[in-house]
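Below is one structure, written out as structure tokens; the observations come after it.
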Amino acid sequence: MRDLNRETVCRRSHNAAGLIASALVLFALCIGCESAPKPPNILFIFSDDHTYQAISAYGSTINQTPHIDRLADEGMIFNRSYVTNSICAPSRAVIQTGKYSHLNGVMTNMENFDGSQQTFPKLLQNAGYQTALFGKWHLKSIPTGFDDWEVLPGQGRYYNPDFRVAPDTIHNRQGYVTDIITDLALDWLKDDRDTSKPFMLMLQHKAAHRPCDPSPEHLTMYDGETIPEPENLFDDYSGRATPAQNQEITILRSLKNRDMKLDWVNVMSDTPSDNLTPEQLKIWDEAYGAKNDAFRMINPQGDDLLRWKFQRYIKDYLRTVASLDDNIGRVLEYLDDSGLADNTVVIYASDQGFYLGEHGWYDKRFMYEQSLRTPLIVRWPGVVKPGSINGDIVSNLDFAETFLDIAGVPIPSDMQGRSLAPVMKGHTPADWRTHHYYHYYQYKSYHNVPRHEGVTDGRHKLIWYYDREEWELFDIEQDPDEMRSVYGDPAYSQVTARLERELARLRDRYELPEN
């Protein structure tokens with residue numbers, strides 16, 4: 001072997017040392033990669049027309065929701081979560097895009113959602129998340145941005161519903177819709193998801209949308225009980241602008257026999273009698289037959305009829321909520337049993353609030369509290385303090401940004417909301433919003449609620465029915481039931497002026513066109 005000079009030996013020694021050092025760095029990086037926390041999974045459980053008054057964690061005195069309450073006990077409950085437009089499709093479009101209705105193109109239930117536009121599921125997909133959607137979509141177009149989906153066509157049915165599984169393919173599933181949607185989500189979690197990726201799952205229920213058909217297990221729940229009536233069930237609508245008087249959402253006049261389970265006239269494309277199996281129909285008739293016969297024999301009128309219709313309506317509504325809560329319990333149990341709970345953020349919300357007899361009403365649409373506010377509960381293990389309650393003004397406008405922030409995905413600058421992640425962590429930014437802007441568009445249409453916009457700071461609320469040129473102002477602290485408008489009262493002149501300025505500022509901020 002030939003001799004090597006000192007320079008060659010030193011150079012080779014140096015190179016070997018460098019290779020060893022590089023290997024050590026790569027090894028350290030690999031160790032770091034293996035120990036780095038995985039991005040959290042996101043489970044968004046979304047209901048339809050489930051209002052905060054029917055959740056015991058929000059103080060309900062008419063029902064119990066133990067599984068939703070568990071989320072609140074283990075997470076954060078939001079007391080001022082407002083919607084931008086209190087109706088089904090617009091709320092869903094806002095959540096997909098993080099933009100107000102006039103920008104995302106869905107201002108009423110009539111428009112098709114443009115699935116080619118930017119949505120948060122697409123952004124999560126691009127960042128490596130597996131995305132899935134099961135249940136109620138209600139945006140007319142085919143879902144985009146999801147690796148897997150199966151959705152109800154339109155409103156869907158409570159019993160034996162059809163599901164769209166591809167653009168041109170619909171198939172039928174036998175059973176009760178709340179159970180079926182949960183089954184679809186659980187089957188996907190167990191068998192179909194890619195376990196190497198974080199997931200974002202939208203589990204979207206039809207319940208508790210009218211006509212509120214309860215499951216077989218809950219058909220007789222609350223029989224023999226009298227559900228307490230709201231104090232303003234017999235509201236005469238004095239002291240407010242004319243829209244409150246001229247609406248068509250009263251329990252007495254507007255709910256149909258189908259809603260009351262008095263006949264099988266089809267309502268909202270839902271459950272004609274020939275859709276039930278003989279076994280289901282037998283159970284149904286056993287539950288309602290004798291009660292309906294007693295109603296026809298008594299034939300109540302006037303106030304007695306309103307009281308009867310309220311009891312039938314509220315009990316069926318709460319029965320559908322009971323199924324909803326039971327199925328949320330099934331999902332939470334699976335997260336526990338599978339080990340997914342610790343790294344899964346669970347968000348529960350509804351597309352808007354709902355009237356449960358307040359003002360003698362059902363439905364939503366108006367900017368009054370019961371339809372403006374939506375439940376919002378978030379459980380994020382190790383991040384959100386269990387049992388915490390938040391009073392900041394938040395909105396469904398913030399949901400898309402929040403999901404992206406949780407996943408560590410940059411939030412596009414053209415989204416109009418803000419991430420709730422800092423708020424969830426107990427650190428509300430100093431420049432957090434102090435007012436919320438609302439705009440309802442669907443008129444003339446069902447229920448005769450005129451177009452209006454407004455602004456609230458949580459204490460005072462200004463509403464402008466611009467087609468009628470009528471205003472309302474409410475002091476929520478002094479008048480929590482919103483029975484008397486104080487617009488024009490000299491004692492509220494400064495409040496009025498401030499909210500009018502805020503209304504103009506937010507219209508500009510959110511790029512509203514002229515009405």
Next on the checklist: Please tell me whether Arg92 and Asn104 have a donor and an acceptor in their side chains that are separated by less than 3.5 angstrom.
Outcome noted: no
Next on the checklist: Evaluate Asp316 against Arg319 for salt bridge (charged side-chain N to carboxylate O under 4.0 Å, His left out), listing each step before the verdict.
Outcome noted: CA-CA 5 Å; Asp316 283 341; Arg319 289 162 180 153; 2.7 Å; yes
Item to check | Short side-chain donor-acceptor distance under 3.5 Å, Gln280 and Asn275 | outcome: no
Checklist entry - Side chains of Tyr441 and Arg451: donor-acceptor distance under 3.5 Å anywhere? => result no
Checklist entry - Do Arg373 and Arg80 have side-chain heavy atoms sitting under 4.5 Å apart? => result no
Checklist entry - If only atom types and distance count, is the side chain of Asn109 paired as donor or acceptor with the main-chain N or O of Ala89 below 3.5 Å? => result yes
Checklist entry - Is the NZ or CZ atom of Lys291 positioned over Tyr288's six-membered ring, under 6.0 angstrom from the centre and within 45° of the axis? => result yes
Next on the checklist: Between Thr84 and Tyr437, is the side chain to side chain contact (heavy atoms under 4.5 Å, CB included) condition met? List the steps.
Outcome noted: CA-CA 7 Å; Thr84 60; Tyr437 175 78; over 6 Å; no
Checklist entry - Can you tell me if Asp147 uses its side chain to pair, donor with acceptor, with the backbone of Thr131 under 3.5 Å? => result yes
Next on the checklist: Between Ser60 and Asn63 (side chain of the first, backbone of the second, donor and acceptor by atom type, cut-off under 3.5 Å), is there such a pair?
Outcome noted: yes
Next on the checklist: The test is salt bridge (charged side-chain N to carboxylate O under 4.0 Å, His left out); show your working for Lys315 and Glu225 and say whether it passes.
Outcome noted: CA-CA 9 Å; Lys315 288 179 182 180; Glu225 299 181 34; over 6 Å; no
Checklist entry - Taking only residues two or more places apart in sequence or in another chain, which ones pass side chain to side chain contact (heavy atoms under 4.5 Å, CB included) with Glu150? => result Phe134, Phe163, Val165, His171, Arg173, Leu184
Checklist entry - Between Ser47 and Tyr348, do the side chains contain an N or O donor and an N or O acceptor separated by less than 3.5 Å? => result yes
Next on the checklist: Just by distance, no angles: are the side chains of Ser56 and Thr65 close enough, under 3.5 Å, to form a donor-acceptor pair?
Outcome noted: yes
Show every donor-acceptor pair shorter than 3.5 Å between a side-chain atom in residues 407-424 and any protein atom, with sequence neighbours excluded, or say none if there are none.
| unit_1 | atom_1 | unit_2 | atom_2 | d |
| --- | --- | --- | --- | --- |
| Asp414 | OD1 | Gln118 | NE2 | 3.1 |
| Asp414 | OD2 | Lys99 | NZ | 3.1 |
| Gln416 | OE1 | Tyr100 | N | 2.8 |
| Gln416 | NE2 | Tyr510 | O | 3.2 |
| Arg418 | NH1 | Asp431 | O | 3.1 |
| Arg418 | NH1 | Asp431 | OD1 | 3.3 |
| Arg418 | NH2 | Asp431 | OD1 | 3.1 |
| Ser419 | OG | Asp405 | OD2 | 2.7 |
| Ser419 | OG | Ala421 | N | 3.0 |

Next on the checklist: Test: salt bridge (charged side-chain N to carboxylate O under 4.0 Å, His left out). Region: residues 177-193. Which pairs qualify, not counting sequence neighbours?
Outcome noted: Asp183-Arg330
